[in-house]
Amino acid sequence: MDKIGTRYDPRNLEKKWYKIWEEKGHFKPSGEGEPYTIVIPPPNITAQLHMGHALNITLQDILIRYKRMRGYNTLWIPGEDHAGIATQNTVEKKLAEEGIHRKDMGREEFLKKVWDWAGEYRKRIVEQIKAIGASCDWSREHFTLDENLNKAVRKAFVSLYKEGYIYRGKYIINWCPRCGTVLSDEEVEHEELEGKFYYIKYYFSDSDKYITIATTRPETMLADTAVAVHPGDDRFKHIIGKEVILPLMNRKLKIIGDPYVDPEFGTGCLKVTPAHDPNDFQIGLRNDLELIEVIDENAKINENGGKYAGLDRYKAREAVVNDLEEKGYLEKIETMQHSVGKCYRCGTIVEPSLSDQWYVKMKPLAERAKLAVQSGEVVFHPERWEKVYIHWLDEIRDWCISRQLWWGHRIPVWYCQDCGKIIVEEETPEECPDCQSKNLKQDEDVLDTWFSSQLWPFTTLGWPDENADLEKYYPTSVLVTAFDIIFFWVARMIMAGYHFKEDKPFSDVYIHQLIRDRKGRKMSKSLGNGIDPLEVIEEYGADPMRFTLAILAAQGKDIKLDTRFIDAYHKFANKIWNATRFVLMNIEDYDGTKLSEGDLKLEDKWILSRLQKTQSIVSNAIDSYDFNIAAKSIYNFFWSEFCDWYIESVKPRLNSDERTIVQNVLISVLDSSFRLLHPFMPFITEELWQKLDVEDGEIIASSWPELKKELLDEDAEEKYSLLMDKVRGIRNVKADLNIPPTSKVQAYFTGSNPDNETKFLIETLANCEVMEFQQNKLSNSVTAYAEEKYTIYVKLVEIDVQNEIKRLEKKLNKSVKEVERFRKKLSNEQFLKNAPEEIIEETKEKLQDATTTKEKLERLIEDLK
RNA sequence: GGAAGCGUAGCUCAGCGGGAGAGCGCUUGCCUUACAAGCAAGAGGUCACAGGUUCGAACCCUGUCGCUUCCACCA
């Protein structure tokens with residue numbers, strides 16, 4: 001038997017075991033049993049692994065390891081996401097440091113650079129995922145920009161196009177001037193900011209009267225093509241059809257009536273800028289207004305902006321406001337709160353602009369996805385996220401899928417340069433089918449990253465090729481993710497699953513929390529409040545980190561993480577280590593003799609019964625995604641019941657002829673505990689299980705403990721629990737009287753004398769001598785501890801009688817209150833009439849017990865006095 | 001403007017109809033030969049507030065206040 005050190009040191013053992021598991025092929029599906037499949041939410045290659053990933057990966061790994069041990073044919077497919085904008089930004093930034101712009105090097109050269117970079121970072125993030133212990137099948141690793149994914153993306157695009165879901169059109173889009181691309185509505189984050197509300201006079205063309213219009217973006221007035229009022233607004237009805245002169249630009253604007261205008265807001269008059277505001281664009285369509293663009297793709301005023309051309313949008317705002325003021329057009333400026341859209345990748349304020357983009361019609365796809373959740377085909381855990389999901393689907397708008405980037409799946413669309421034909425095909429066309437021209441040009445844009453991500457649950461299984469894997473593992477079992485990507489990803493996967501595979505992509509969606517710092521703030525680089533999982537693993541080990549995350553994974557909305565917690569569960573790992581050390585030291589001579597009927601003592605029956613119950617709780621909890629309950633339950637069982645009570649109970653027997661029996665139970669409980677703990681703490685359990693040497697192979701591939709009903713023993717549990725009370729009673733007296741635990745006291749129990757087994761245990765655990773009961777009286781050498789079922793007299797050398805009276809009176813006080821409460825309850829006729837029989841019985845018993853205790857205490861105090 | 005979640009011990013949170021729980025922190029006593037990263041014993045709570053339902057409410061309902069978040073085109 002190998003010896004182990006006194007301290008748990010995760011450093012070497014984690015890397016060692018990960019390598020062995022992988023080499024032995026334990027991460028691959030066994031090929032037998034019912035399939036249980038998870039596809040990993042592919043982390044962005046730009047991301048440094050953070051605690052959110054750690055939580056996400058830990059929970060998936062718990063499920064996979066648990067199911068693997070339960071005999072499922074488990075498959076966990078790993079992979080990474082190419083993260084279009086984020087990656088391109090990162091590489092561009094790097095190039096900028098060398099003074100290079102991507103346009104200088106050209107598309108091909110730039111992409112080569114990105115691929116190099118991506119290769120490096122993919123490796124890095126894979127290493128980080130492995131460090132957490134993720135038991136995924138690396139032979140099936142995928143990348144969202146892989147060739148087979150590209151094939152899938154092209155097929156998806158072309159079929160959606162041919163079925164009429166994909167269209168191209170010129171609409172107002174969210175433009176990020178920093179990233180130089182369009183963003184989908186979901187990629188815009190809104191933030192409430194304090195802004196200014198400018199009131200501007202627009203004079204009528206035929207009089208010296210004017211109307212006042214309020215706006216937060218005066219620079220866009222350069223592109224105004226109308227003024228709108230509500231058609232039912234009595235104040236303005238009569239001016240509809242008249243014209244005003246646009247200040248600074250001296251353009252004539254027609255006043256139109258449009259129901260969009262809210263008479264209550266601002267002045268009730270709205271300047272209409274169809275090319276730079278989504279609502280104004282709609283008004284423009286309804287009223288056939290001219291579109292004038294004044295802001296270019298770099299957020300600068302273009303040549304249509306007259307003297308302001310070339311100015312940045314904010315500089316232009318200043319200039320416009322100055323001029324307005326100077327020329328007397330500015331009535332007043334107020335401050336107001338309004339929400340501003342920002343790019344979710346770089347934080348730049350987005351510019352609504354007119355642009356030609358590709359869209360997916362979402363309404364028809366959303367219907368099926370909605371039904372899936374309403375009918376229970378796909379179930380969210382916790383359930384409340386279903387509302388969020390359904391609501392989004394109800395309000396869904398078309399999805400802008402083109403991006404003006406280079407890093408991504410290029411749109412499979414070609415334009416004939418001669419006849420203008422648009423060709424949408426999976427394979428690059430040779431010539432134009434209409435005019436046979438070979439002068440074709442592929443669309444410059446790429447697809448939104450989420451367009452490929454939505455196909456992830458089946459592209460990772462080989463789609464669009466039909467194959468055995470797809471047949472066997474689709475639909476997958478569960479998707480584990482955080483709520484922040486329900487719209488981006490979860491909903492779209494469900495839509496895509498039904499559309500392309502005619503089946504759901506997964507049965508369950510488990511939504512976990514976001515990790516925040518201990519003050520509840522987002523972890524971010526700029527705040528410097530991040531906790532780096534790799535540093536945590538380095539300092540505490542992956543196992544304690546995993547256990548911490550699992551035990552904190554209750555159903556709230558975020559986890560406020562503090563390294564204090566990790567420290568606590570690091571101590572738990574150390575406890576496991578040392579308990580094992582103790583057992584190993586005591587089983588060196590174990591001869592392999594199995595137990596036979598009748599060998600077991602009370603404490604053996606008790607711990608084995610407790611173990612069965614713990615097993616049930618852990619299994620049920622994992623089955624229902626209650627990771628915290630599972631972790632807590634095994635923690636309590638192991639530390640408190642096994643270490644603090646069982647091991648302590650059993651120490652003397654290890655030096656007796658019962659040694660073999662105890663060895664048996666120790667090994668058996670430890671073995672099962674390791675198995676129950678393995679999904680949570682894979683490394684330490686593997687290491688120690690090997691030392692225990694109960695079975696060949698690795699624990700990762702061993703079986704989950706079966707519930708042994710014959711070991712459930714309510715009698716033993718009750719008896720042992722009473723014994724625990726008695727032990728606590730004696731310890732209590734000793735502690736209250738400052739008697740060192742090492743000093744042995746004599747204890748007498750009222751009622752029947754404890755049997756030998758119990759007597760022995762009490763003596764062991766409370767360090768006392770249990771004496772044959774005799775009629776005691778309290779005195780300056782005898783004190784007592786009273787409970788309803790017994791009284792313990794403790795014999796000592798000398799006692800401070802006054803202190804002792806105080807101590808007992810304090811207890812008495814509690815008893816009196818209890819008696820009162822139960823008595824009152826039982827004298828309530830309504831209670832007796834309505835409460836269930838068993839509750840009434842229970843209450844009666846409680847009153848009886850409390851009364852007994854109270855009377856005993858009164859007598860004891862009387863004795864002392 | 002809608003919607004959701006949360007307010008329980010000093011801190012972080014669990015419990016979610018029948019005697020207030022955990023970890024950390026705190027107090028006291030212990031180097032009891034697995035572990036001082038430990039053992040034992042404690043102190044500490046009108047379960048945000050106000051109503052209601054119930055024999056009984058931290059738990060269910062309504063409202064109020066506070067914190068957080070999501071959605072929404074109010075210029």
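Just so we're on the same page: letters track the sequence lines, and every chain starts at 1.
In this structure, the nucleotide among B:G23, B:A4, B:C55 sitting nearest to the side chain of A:Arg384 is B:A4. Relative to the side chain of A:Ala568, the nucleotides B:C55, B:C24, B:U12 differ in distance, and B:C24 lies closest. Relative to the side chain of A:His570, the nucleotides B:A37, B:A34, B:C39 differ in distance, and B:A37 lies closest. Comparing B:G18, B:A34, B:C24 against the side chain of A:Ala579 picks out B:A34 as the nearest. Residue A:Asn628 places its side chain closer to B:A14 than to any other of B:C11, B:A41, B:A14.
Looking at A:Lys833, its side chain has no donor and acceptor atom pair within 3.5 Å of the base of B:C55. Contact annotation: side chain of A:Glu818 to base of B:G19, donor-acceptor pair present below 3.5 Å. Under 3.5 Å, the side chain of A:Glu648 and the base of B:A34 form at least one donor-acceptor pair of N or O atoms.
Residues satisfying the ring-ring contact (aromatic ring centres under 6.0 Å, His included) criterion with A:Trp392, sequence neighbours excluded, are A:Phe487. In this structure A:Lys825 satisfies the side chain to side chain contact (heavy atoms under 4.5 Å, CB included) test together with A:Phe831, A:Thr843, sequence neighbours excluded. For A:Phe380, the ring-ring contact (aromatic ring centres under 6.0 Å, His included) partners are A:Tyr389, not counting sequence neighbours. Not counting sequence neighbours, the partners of A:Arg286 by the side chain to side chain contact (heavy atoms under 4.5 Å, CB included) test are A:Asp258, A:Tyr260, A:Gln282, A:Ile283.
A:Ile684 is not listed as a side-chain neighbour of A:Phe572, based on a closest heavy-atom distance of 4.5 Å or more. Residues A:His570 and A:Tyr8 are in side-chain contact: their nearest non-hydrogen atoms beyond the backbone lie under 4.5 Å apart.
B:C24 and B:G44 have their C1' atoms separated by 14 Å, given to the nearest Å. For the P atom pair drawn from B:C60 and B:G18, the interatomic distance equals 11 Å after rounding to whole Å. Comparing the P positions of B:U12 and B:G25 gives a spacing of 15 Å, expressed to the nearest Å. Of the C1' atoms belonging to B:G5 and B:A34, the separation is 44 Å, rounded to the nearest Å. The gap from the C1' atom of B:C16 to that of B:C6 amounts to 14 Å, rounded to the nearest Å. Look at the P atom in both B:G23 and B:C31: the space between them is 24 Å, to the nearest Å.
The shortest distance between the side-chain N/O atoms of A:Lys651 and the OP1/OP2 oxygens of B:A34 is below 4.0 Å. Checking the phosphate oxygens (OP1, OP2) of B:U32, no side-chain nitrogen or oxygen of A:Lys734 falls inside 4.0 Å. In this structure, A:Lys560 does not reach the B:U12 phosphate: none of its side-chain N or O atoms is under 4.0 Å from OP1 or OP2. An OP1 or OP2 oxygen of B:C55 is reached within less than 4.0 angstrom by a side-chain nitrogen or oxygen of A:Asn834.
To the nearest angstrom, C1' of B:A14 lies 14 Å from CD1 of A:Ile617.
In this structure, the ring of A:Tyr569 has its center less than 6.0 angstrom from the ring center of A:Tyr635. In this structure, the ring of A:Tyr625 has its center no less than 6.0 angstrom from the ring center of A:His512. Aromatic ring centroids of A:Phe627 and A:Tyr510 lie under 6.0 Å apart.
When atom types are taken as modelled, the side chain of A:Gln663 and the backbone of A:Asn586 share a donor-acceptor pair closer than 3.5 angstrom.
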Intra- and interstrand pairs of RNA chain B - dot-bracket, Watson-Crick/G-U under 3.5 Å, | marks other strand
((((((((.[[[[.)..(..]]]].(((((.......))))).....[[[[[..)....]]]]])))))))....

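If you find the closest nucleotide of RNA chain B to A:Lys387 and to A:Ile559, the one lying nearer the 5' end belongs to A:Lys387.
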Whether each nucleotide of nucleotides 68-75 of chain B has a protein heavy atom under 4.0 Å at its base (B), only at its sugar-phosphate (S) or at neither (-) is summarised, 5' to 3', as -B-SSBBB

